[in-house]
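Heads up, the thing below is written out as structure tokens.
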Amino acid sequence: MSAEPQPTPAPAVSAVTPAADTTPLEAPAASKPGIIRAGDHVLLVLPSENKRMLQIKPDTTVELGKFGKFQTNALIGKPYGVPYEIVKGGELVRAEVTPEDALGEADSDVKDANNKNIFDDNANQTLTHEEIATLKAEQASGHEIIAKIISSHSEFDKKTEFSKAKYIKKKRQTFLRQFTPVQLDAATLCDFYFNKNPAKTKEMRIDILSLLLTSANVRAHSRLLIYDDTQGMVTAAVLERMGGFGEVVVVHEALSQNLDIVRYMNFPQATLDTLTTIPVNRAFPLPEEMELWEASADTRENKTKPSFRETRDNIHRGGFDGLIVASTADPHSVVDLLSPYVATSRPVVVYHSALNMLTPLCQSMRASQSYILVNLLTTWYRPYQVLPQRTHPTMNMSGHGGALVVATKVAPGPALPSSLTKQELIAVGSSTQGSRKRSKPANPARGSSGSPAPKKAKVGDENEGDGMEVDPVEAGSSQV
Amino acid sequence: MSTFERYSATIAEGDLAILYRGHSDLYPIVIKSGEFVNNNKGYVIILHPTPELWTLSLPHRTQILYQADISIITSLLRLKPGSRVLESGTGSGSFSHSLIRTIAPTGHLHTFEYHEGRAAEAKAEFEAHGLAQFATSQCRDVCKDGFGLTNLVDAAFLDLPAPWEAVASAKQALRKDVATRLCSFSPCIEQVARTVEALTQHGFTNIEMYECLLREHDVRNVTIHQVDVMRSLAPRPKVAAVRPGKGQEEDVPAAPGSVITALVRPRNDARGHTSFLTFATLLPQAEEADEQ
RNA sequence: GCCCGACUAGCUCAGUCGGUAGAGCGUGGGACUUUUAAUCCUAAGGCCGCGGGUUCGAGCCCCGCGUUGGGUG
């Protein structure tokens with residue numbers, strides 16, 4: 001049973017389990033989780049909320065423009081997720097985070113002030129540009145500069161508390177010399193690319209990626225086929241959800257594929273070892289190419305990976321737990337190519353940035369007897385600003401995050417004679433939900449008609465030789 | 001044994017399976033030799049259970065979480081194999097099954113439900129589905145009595161009428177050596193406001209709120225006529241749905257003066273608002289506190 | 001008796017491809033000629049049987065009853 005606290009209701013379960021013991025594959029030895037290591041790729045969030053991604057190489061200086069600069073060595077060994085202030089001399093100290101910085105006085109009466117008597121006039125600020133520049137040159141801290149600017153603002157006290165908070169926030173975005181190193185994961189990278197360079201990840205938004213991962217039932221021990229034109233975004237997210245267990249085969253069109261985002265994830269080698277890639281022409285060689293490939297040595301430099309030949313054999317063994325396609329090519333062609341190697345009762349998930357690129361695929365999969373539960377999906381996703389008395393949508397992102405076709409592969413049964421419209425007995429068990437009446441599959445049949453021996457589905461699939469063990473049973477034959 | 005955390009190649013005695021008799025007719029069954037189910041639809045398909053199919057077919061004891069919310073919450077809580085997560089309340093176990101799938105085999109779910117009957121049913125379900133080793137389920141009113149966990153979990157999910165009452169205890173349950181995440185699921189904006197206030201007071205940062213809805217689309221071929229002066233007074237072909245494939249009699253070419261085109265539109269029975277999803281981060285404790 | 005569906009338009013229907021805001025009849029208007037009217041065109045008509053209980057302060061929730069169709073005794 002579980003080594004975890006027992007589910008006894010009454011006593012408080014106080015458990016302190018060492019962090020490292022359950023995540024052996026994610027945590028390199030002698031390194032605490034959540035600590036920045038040399039060689040890590042990290043995302044730096046700047047006061048302006050701009051983001052920069054870079055690799056932390058030792059003995060290097062990182063320039064953050066007006067926000068300062070620092071030595072990478074000062075960051076190595078420090079925890080992720082924490083804001084650091086660059087103080088005089090380039091040292092990094094953990095910055096205090098106070099709620100009031102961002103929120104303003106929550107309980108203030110909004111009506112105690114307004115902008116009726118505030119006029120847009122640069123003269124309201126008595127500090128000159130030169131004076132502010134001097135403060136910066138003197139290495140005054142961001143907080144000191146902001147305090148000076150506020151005290152030099154002739155109208156500041158007339159503002160409402162909310163307005164003051166917003167003003168301070170703007171100044172913090174300009175003058176604070178700090179940044180937050182964020183640990184890279186799939187959600188963070190998806191968001192980063194979606195906002196910064198959406199074309200790279202084919203406009204894939206985090207909510208659609210999330211839906212893709214659950215729809216494909218991605219988990220530890222999955223054995224998946226992937227076609228990925230998203231710079232590795234999809235593959236990276238899948239590997240993260242597999243935790244170093246299982247197997248991913250990425251098939252790609254060109255001789256090599258750009259999976260940069262997988263590299264940015266700082267995966268341990270054990271996780272990377274679960275990934276193999278192979279070009280289409282090596283996975284599906286033409287007969288005339290076959291001899292050529294057989295004759296030539298495998299040219300891969302990394303011999304820890306399986307050879308193309310081994311990977312090709314692996315693919316043709318079939319029985320994969322799912323197919324994920326995020327291609328700029330005709331999605332139909334990719335599904336036709338790879339779906340035969342997926343086991344039955346397994347998901348096939350196809351992403352495209354544009355809904356209309358998926359409609360022909362959706363139609364043909366719905367028409368096919370090899371798929372059921374074929375669905376064409378988009379999402380409506382809206383972030384809100386949530387501040388006391390200032391909650392509102394920040395932007396509407398509906399309809400621009402991509403679309404999915406999700407389906408379940410099944411073994412097509414024999415064509416049903418039209419006379420077979422009568423009730424048929426299916427040799428499977430009874431319901432677990434005795435209390436539930438709606439759409440109950442039926443009650444135990446009373447008649448002694450027919451043998452209850454379970455039928456093994458026969459695979460009339462057009463996909464020959466995929467070696468699947470049949471899981472979904474199609475019992476189309478009459479018992480009468 | 002078929003479970004939600006691993007595929008099996010073949011069906012075995014005692015397995016949970018999903019009986020498919022159409023898109024709106026999914027039903028969970030336990031395979032037992034010698035027993036029958038009736039079916040009047042010609043054939044059925046037996047599917048391997050997945051958390052997504054379970055969500056569509058499970059017996060409702062409460063309103064449940066659906067795939068769109070489940071998916072984005074899982075991502076934004078940064079869950080993966082090995083994660084330890086707490087959930088309250090358990091409800092009908094829709095999210096629980098998905099959580100277990102994602103965090104297995106090295107993670108653990110601590111789930112809490114204050115309703116005695118529902119807690120018992122959920123626990124029995126985890127056991128029947130072979131998931132007990134991944135989940136500790138307790139009957140407990142977490143708003144009153146807290147979670148009873150300390151420095152243990154990577155993420156917390158609150159699906160409670162008054163989540164703000166559980167924030168302090170959730171904070172205690174979250175581990176302090178790394179950044180951790182919390183999500184609160186509330187249908188009403190007033191609940192969000194109070195929760196955000198509590199999160200702020202307890203030192204959570206990076207507070208964000210989202211809504212995420214799934215839109216399912218219908219695709220069908222329609223025949224539409226073309227405007228033509230010469231034919232304007234002649235009888236027009238009817239505008240009618242034409243479906244391709246499967247050898248149906250409708251598989252006919254468009255009549256002269258008309259064209260067949262694909263029509264895509266959102267399904268009209270799409271669900272509306274579910275809940276607001278409030279997320280927050282708890283930063284690791286400063287080093288001074290770490291030392292002690 | 002038991003089981004399974006279906007109840008929205010004045011009436012009657014709607015399919016295992018994820019087809020319940022889709023239609024037909026009837027009705028109104030128009031064109032036409034074959035005028036106790038036919039044909040074609042076109043328009044109007046839709047919020048879901050009744051009651052109860054539950055879910056969080058979002059129902060793809062549950063139960064009972066009624067009407068109706070089918071299956072099986």
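Throughout, a chain's letter reflects where its sequence line sits, starting with A, and its residues are numbered from 1.
- Between C:rU27 and C:rC61, the two C1' atoms lie 41 Å apart (nearest whole Å).
- Residues satisfying the side chain to side chain donor-acceptor pair (under 3.5 Å) criterion with A:T408, sequence neighbours excluded, are absent altogether.
- An anti base is found at C:rA31: its glycosidic angle is more than 90° from 0.
- Rounded to the nearest Å, the gap between the C1' atom of C:rG45 and that of C:rU12 is 15 Å.
- Scanning for ring-ring contact (aromatic ring centres under 6.0 Å, His included) contacts around B:Y20 gives an empty result, with sequence neighbours left out.
- In RNA chain C, runs of at least 3 consecutive Watson-Crick or G-U pairs, each pair with both distances below 3.5 Å, span C:1-7 with C:66-72, C:10-13 with C:22-25, C:27-31 with C:39-43, C:49-53 with C:61-65.
- A:S368 places no side-chain N or O within 3.5 Å of a backbone atom of A:S364 that could act as its donor or acceptor partner.
- Separating the P atom of C:rG24 from that of C:rA14 is a span of 15 Å, rounded to the nearest Å.
- For a distance-only test at 3.5 Å, the side chain of A:N375 qualifies as a donor-acceptor partner of the base of C:rG18.
- Distance noted for atom P between C:rG69 and C:rG51: 24 Å (whole Å).
- Separating the P atom of C:rC65 from that of C:rG5 is a span of 16 Å, rounded to the nearest Å.
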Nucleotide N/O of nucleotides 53-56 of chain C paired with protein N/O under 3.5 Å:
| residue | atom | partner | partner atom | Å |
| --- | --- | --- | --- | --- |
| C:rU55 | O2' | B:Q63 | N | 2.8 |
| C:rC56 | O2 | B:Q191 | NE2 | 2.7 |
| C:rC56 | N3 | B:L160 | O | 3.3 |
| C:rC56 | N3 | B:Q191 | NE2 | 3.2 |
| C:rC56 | N4 | B:D159 | OD1 | 2.9 |
| C:rC56 | N4 | B:L160 | N | 3.1 |
| C:rC56 | N4 | B:L160 | O | 2.9 |
| C:rC56 | N4 | B:F185 | O | 2.6 |

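- Annotation: side chain to side chain donor-acceptor pair (under 3.5 Å) contacts of B:S275 (sequence neighbours excluded): none.
- Taking every side-chain heavy atom of B:R265 into account, C:rG22 is the closest of C:rG57, C:rG22, C:rA58.
- In this structure C:rU35 sits in the anti conformation; its chi angle is more than 90° from 0.
- Remark: the B:Q67 side chain and the A:S215 side chain contain an N/O donor-acceptor pair separated by less than 3.5 Å.
- Within the structure, every side-chain polar atom (N or O) of B:R220 is placed at least 4.0 Å from both OP1 and OP2 of C:rG22.
- Only the C1' atoms considered, C:rU54 is 7 Å distant from C:rC62, to the nearest whole Å.
- B:R194 comes within contact range of no nucleotide atom at all, as no heavy-atom separation falls under 4.0 Å.
- Every residue two or more places apart in sequence or in another chain that forms a side-chain contact (heavy atoms from CB on, under 4.5 Å) with B:R194 is listed here: B:W164.
- Side-chain N/O atoms of B:Y20 include one lying less than 4.0 angstrom from OP1 or OP2 on C:rG18.
- Syn is the classification of C:rG57, since its glycosidic angle stays within 90° of 0.
- Scored by the side chain to side chain donor-acceptor pair (under 3.5 Å) test, B:H97 finds B:W54, B:H129 as partners (sequence neighbours excluded).
- Comparing the P positions of C:rU72 and C:rG64 gives an interatomic distance of 24 Å, to the nearest angstrom.
- Every residue two or more places apart in sequence or in another chain that forms a ring-ring contact (aromatic ring centres under 6.0 Å, His included) with B:F276 is listed here: A:Y384, B:H273.
- By the side chain to side chain donor-acceptor pair (under 3.5 Å) test, B:T55 pairs with B:S94, sequence neighbours left out.
- Base orientation of C:rG59: syn (glycosidic angle within 90° of 0).
- Comparing the same atom, P, in C:rG15 and in C:rA6 gives a spacing of 10 Å after rounding to whole Å.
- Using modelled atom types, one finds a donor on one side chain and an acceptor on the other under 3.5 Å when comparing A:N217 with B:Y7.
- For C:rA21, the base adopts the syn conformation, since its glycosidic angle falls within 90 degrees of zero.
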